[in-house]
Amino acid sequence: MSATPLPPPSILSFTDMATNLSEVHQSHAHMIKTGLIHSPAAAARLLSSAVATDELPALAYADSLFSRLPAPTSFAWNSMIRAHARAPDPAPALQLFYRMLHSPTRPDKYTFPFVLKACAALPEAFQIHARILKTGFGSDIFVLNTLLHTYAINGLTAEALKLFARMPQKDVISWNAMINAFVTHGLVGRARKLFDKMSERNVETWNFMISGYSNLGLVDQSRELFNLMPVRDIVSWNAMITGCARTGRFDEVISLFQEMQYGNVWPDECTFVNVLSACARVGSLGQGEWIRAYVDKNGIEIKGFLATALVDMYSKCGSIEKALQVFNNTSKKDVSTWNAMIDGLSSHGLGEHALRLFEEMPRNGLVPNGVTFVNVLSACSHEGLLNEGCRIFNDMARVYGIEPEIEHYGCMVDLLGRAGLLVAAEELLRRAPVKDAPVLWRSLLSACREHGDLELAEIAAKQLLELSPFDSSCYIQLSNVYALLGRWEDARMLREMMKVQGVKKEPGCSTIEVDGAIHEFFVGD
DNA sequence: TTAGGGTTAG
């Protein structure tokens with residue numbers, strides 16, 4: 001190689017500042033023209049700018065640049081390993097690492113965290129662990145923390161604990177990784193013991209504990225820590241809000257959301273999605289519209305999860321027109337957004353429209369999934385679209401490669417049952433992948449009653465009672481069948497059995513928004 | 001150049 005020309009600072013700083021591949025290409029062209037490309041340092045900077053763009057084509061480009069480096073420095077190797085570790089397919093990162101081991105360049109302390117990130121499976125992580133010890137990085141806190149994290153997320157709590165105990169020095173990140181290891185496997189009590197022992201905690205420490213409790217539905221415990229923590233960030237609020245949303249504490253979701261407005265934490269997409277989902281569940285159109293206004297005012301793009309949550313909120317709060325408006329005005333929609341819209345139309349009695357939307361999916365580059373078919377089949381069932389429903393059900397596996405699951409069979413039993421095709425419904429039920437699913441028998445039973453086939457109704461009701469002996473509705477259903485058959489003695493006996501078993505009827509419950517306040521009411525109120 | 005947290009639709 002010729003003597004390296006003195007790099008003009010302007011082009012190198014332009015290279016460093018490149019934010020997209022086309023700017024990197026410009027630098028490359030300039031370097032070729034000036035001969036700068038022959039400087040290994042300049043080429044390495046080009047390479048690192050390319051991978052920093054995080055664009056997939058940039059990765060291929062960086063690969064080709066890298067292959068032409070005569071003697072890559074450890075920095076160049078590290079950049080390539082990191083870039084591949086972050087890509088959808090991280091396997092080449094490991095191959096690069098093993099090539100590096102056979103090259104004249106030694107791995108350094110930066111190499112291992114990148115390599116560990118690329119370990120999809122545990123055997124690989126164990127090999128890297130051995131290599132870390134062999135190459136003398138077994139006491140680097142960055143390397144060990146990454147290793148700890150790798151074990152933690154792969155469920156190797158015992159390995160993680162062993163490593164944690166042996167670490168020559170630990171920082172708050174090490175403790176957090178250990179807490180995370182326990183929490184992700186539901187061992188929140190053990191996590192709490194560590195948490196209580198910590199002399200220094202940061203906001204992530206608290207967040208790990210809060211989401212750990214929330215994920216187990218222990219929202220009171222999350223709330224206790226949430227109230228105690230000195231500083232809350234957006235993740236803390238979201239973990240708390242998500243926990244409440246998942247356990248049905250919707251009014252608490254909304255008050256948390258209002259509370260966070262007073263702090264200096266700005267809601268993000270995750271917050272909106274969870275609050276909108278709570279609005280949908282309680283039918284709080286007012287609060288939902290408030291979020292919509294907030295999103296519009298702040299120029300937040302409506303796409304993906306947010307679009308789906310808005311469509312769902314408007315549908316469930318009764319405003320199908322606004323749901324359609326969001327749907328039609330959103331350019332970036334994914335299959336979930338379509339599913340939410342199809343479901344909304346179907347539950348508003350617009351099954352034909354729902355079906356048309358389903359048929360438009362392929363033309364819009366979307367592949368229906370299992371949920372899509374639940375929604376579409378249930379639309380057919382509500383509208384009594386027998387032929388369409390049967391055709392779509394048969395196409396699921398044949399055309400779309402999706403094996404029908406219990407939910408799909410449920411829709412079909414419903415569809416056939418409503419059409420009075422009780423024998424076909426029972427036949428289908430017996431072909432379902434999950435035997436003895438109460439939902440299916442319940443569907444069949446109500447169809448039998450509707451069409452007066454009391455003989456089959458008795459079979460279904462008895463089956464149901466056998467499957468869920470503690471469900472009050474099963475006793476009532478069977479006793480109703482006996483009443484219809486005039487078998488009063490059998491009906492009375494069933495009510496008696498219910499008493500003996502201690503089965504009680506739960507009152508139905510719903511909520512409604514009146515003047516911005518959420519009210520709960522029960523059947524019979 | 002290096003490690004860690006939260007989300008939708010049936």
Side-chain angles (χ1 to χ4, degrees), chain A residues 44-45 47-48 51-52 73-83 85 107-117 137 140-150 152-153 171-181 183-184 202-212 214-215 222 233-243 245-246 267-278 280 304-313 315-316 333-344 346-347 369-379 405-408 410-411 439:
Chain A
R45 278 167 86 168
L47 185 137
S48 98
V51 296
T73 57
S74 65
F75 173 62
W77 281 103
N78 292 346
S79 299
M80 291 311 300
I81 292 172
R82 175 170 69 160
D108 58 21
K109 62 177 181 171
Y110 297 108
T111 314
F112 290 103
F114 299 143
V115 175
L116 283 166
K117 194 164 219 154
F137 290 101
D140 184 275
I141 193 148
F142 270 90
V143 174
L144 292 182
N145 282 345
T146 314
L147 192 56
L148 199 54
H149 176 246
T150 307
I153 57 171
D171 60 10
V172 65
I173 308 235
S174 330
W175 284 81
N176 286 355
M178 207 51 239
I179 285 184
N180 186 27
V183 148
T184 47
N202 61 15
V203 66
E204 285 83 6
T205 320
W206 292 86
N207 290 348
F208 276 126
M209 289 304 304
I210 289 172
S211 52
S214 282
N215 289 338
S222 317
D233 65 7
I234 181 63
V235 177
S236 330
W237 285 95
N238 285 347
M240 198 61 241
I241 286 175
T242 308
R246 277 212 288 245
D268 66 2
E269 194 178 322
C270 177
T271 322
F272 296 136
V273 167
N274 276 293
V275 179
L276 285 170
S277 146
F305 275 40
L306 183 54
T308 307
L310 272 171
V311 167
D312 188 54
M313 183 279 293
S315 302
K316 297 233 166 79
K333 295 186 282 262
D334 58 21
V335 64
S336 305
T337 321
W338 285 71
N339 289 350
M341 194 66 249
I342 290 173
D343 178 51
S346 155
S347 51
N369 62 17
V371 178
T372 318
F373 284 101
V374 172
N375 295 344
V376 172
L377 291 174
S378 112
E405 286 175 46
I406 185 87
E407 295 87 347
H408 306 105
C411 295
V439 261

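A note on names: the letters A, B, ... follow the listed sequences, proteins ahead of strands, and every chain is numbered from 1. Heavy atoms only: backbone and side chains are in, while hydrogens, waters and symmetry mates are out.
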- Do A/F112 and A/P107 touch side chain to side chain, with heavy atoms closer than 4.5 Å? yes

- Quick one, give me the B/S/- string for nucleotides 1-7 of chain B, reading 5' to 3', where B means a protein heavy atom under 4.0 Å from the base and S means that only happens at the primed atoms, P, OP1 or OP2. BBBBBBB

- Message: Please identify which of these residues, A/T337, A/N274, A/V273, meets the side-chain contact (heavy atoms from CB on, under 4.5 Å) condition with A/F305.
- Response: A/V273

- Query: Would A/D171 and A/S174 count as a side chain to side chain donor-acceptor pair (under 3.5 Å) if you check the C-alpha gap in whole Å, the side-chain angles of each, and the deciding distance to 0.1 Å?
  - Reply: CA-CA 5 Å; A/D171 60 10; A/S174 330; 2.9 Å; yes

- Item | Aromatic plane relationship, A/F373 with A/H408 - under 30° parallel, 30 to 60° tilted, over 60° perpendicular | perpendicular

- Is there a donor in the side chain of A/S79 and an acceptor in the side chain of A/S48, or the other way round, less than 3.5 Å apart? no

- Task: Identify whether any heavy atom of A/K333 sits under 4.0 Å from a base atom; if not, whether one sits that close to sugar-phosphate; answer base, sugar-phosphate or nothing.
- Result: nothing

